[in-house]
S.K.: 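My questions all concern the structure below.
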Amino acid sequence: MIPLLDLKDLNQPMQARIEEALLRVARSGRYVLGPEVEAFEAEWAEYCGVRHCVGTANALEALEIILRCYGIGPGMEVIVPSNTYIATWLAVTHAGATPVPVEPDLVSMNLDPRRVEEAVTTRTRAIIAVHLYGRCADVTKLDHIAQRHKLLLFEDAAQAHGAMHAGRRAGALGDAAAFSFYPSKNLGALGDAGAITTDDDALARKARRLRNYGGVGRLDHTVRGINSRLDELQAAVLRAKLPDLDLLNNQRRTRAWLYTDVLRDEVETPYDEPGHVYHQYVIRTEHREALRRRLFERHGIEAHVHYPVPPHLEGAYAYLGLRRGALPVAEVLGETVLSLPVGNANFTTALANTVRDEVVALREVA
Ligand SMILES: *Cc1c(COP(=O)(O)O)cnc(C)c1O
């Protein structure tokens, strides 16, 4: 059995450091928003190349906090990719604003800047660029559009820890960014965790309030905040794992190149870029369901679909009235994408060859 991602195996080489961190916190008497959180915030800000990091409970709330801190709410529009994980859209609706989906470029699978510009209205306040699967969106072009229309540019960097664009890291590419440290992300905690990164001093100050019921201390609630605090155990685990992030990202890249060498003549392989960190290795094929079944049933290889149903076709967003056919690129991606195992050392060239052989066999059947 080759799972898409084996977390126990992934964490194994760092186990001693992780356990030392857990014990340190257990014995410390400080469990929420303490010295480990402060240290992690400083280390993650430095890693990303920004002035501030504000730890949160997860990425959904990190994004929601960013939007609310900039005063984005009812009557305002935020441009989001049509082919993202639903959390990107949920953050916008939780803030009370309207998500305006824009289709991706079929090759990069990230926001198409030309279509973004067409979607801007007088109500648009911000663009959320998602660095899908670990490849940075074209933030150079998106930033030009944001400047031209006086919009804010935010990153959903939940899949892009360590990814680079034009010499800068994800997290430092817009006005603010949200990270998730959910266990399966490229940098993952042992539970839920998230963060905001930014160079905006005012945002950092406001976000520290909003994540903690609206107050810095206990008795000064100037805004109606939420509870989205990062806890000491998760921060300590993240500090223990951070030194290995670049190494693990490089291993993902090497595996991705191997896959692409073997598969490029048979299926649509992902477009490579120097800063791509391959959170997922995603191919596209019309025979997606048949391939997924054959890999699992014949070889025990687990492949997943990220994501089969675009947010506009989910029940949660039925009220927007976007029917099947409204966002055809996202819909085609939902029908054809397949994520292959790339995060673990169980990857071998034989695995890539098996995928190729099954793709070839399926084409001959069809
Ligand atoms: C994982 C993920 C999120 C949500 O992260 P949480 O920490 O679970 O809230 C948001 N956006 C994208 C693109 C993700 O992959």
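Whatever order the structure lists them in is the order used to number ligands and atoms, beginning at 1. Keep in mind that what you see is a predicted model, and the values were worked out from it rather than measured.
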S.K.: Between Arg288 and Ile283, is any pair of side-chain heavy atoms under 4.5 Å apart?
M.R.: no

S.K.: If you count the non-hydrogen atoms of other residues, nucleotides and ligands that lie under 6.0 Å from CD in Glu286, is the total more than 12?
M.R.: no

S.K.: Which ILVMFWY residues are connected to Met164, directly or by a chain of links, through side-chain heavy atoms under 4.5 Å apart?
M.R.: none

S.K.: Pairs under 3.5 Å, N/O atoms on ligand 1 and on the protein: can you put them in a table with the distances?
M.R.:
| residue | atom | partner | partner atom | Å |
| --- | --- | --- | --- | --- |
| ligand 1 | 5 (O) | Ser180 | OG | 3.3 |
| ligand 1 | 7 (O) | Ala59 | N | 2.9 |
| ligand 1 | 7 (O) | Ser180 | OG | 2.6 |
| ligand 1 | 9 (O) | Ala59 | N | 3.2 |
| ligand 1 | 9 (O) | Leu60 | N | 2.9 |
| ligand 1 | 11 (N) | Asp156 | OD1 | 3.3 |
| ligand 1 | 11 (N) | Asp156 | OD2 | 2.8 |
| ligand 1 | 15 (O) | Gln159 | NE2 | 2.8 |
| ligand 1 | 15 (O) | Lys185 | NZ | 2.7 |

S.K.: Are the side chain of Arg169 and the backbone N or O of Tyr47 linked by a donor-acceptor pair below 3.5 Å?
M.R.: yes

S.K.: Measuring centre to centre across the rings, with the benzene-like ring taken for any Trp, is His306 within less than 6.0 Å of Tyr133?
M.R.: no

S.K.: Let me know which of Tyr278, Tyr182, Phe179 forms a ring-ring contact (aromatic ring centres under 6.0 Å, His included) with His161.
M.R.: Phe179

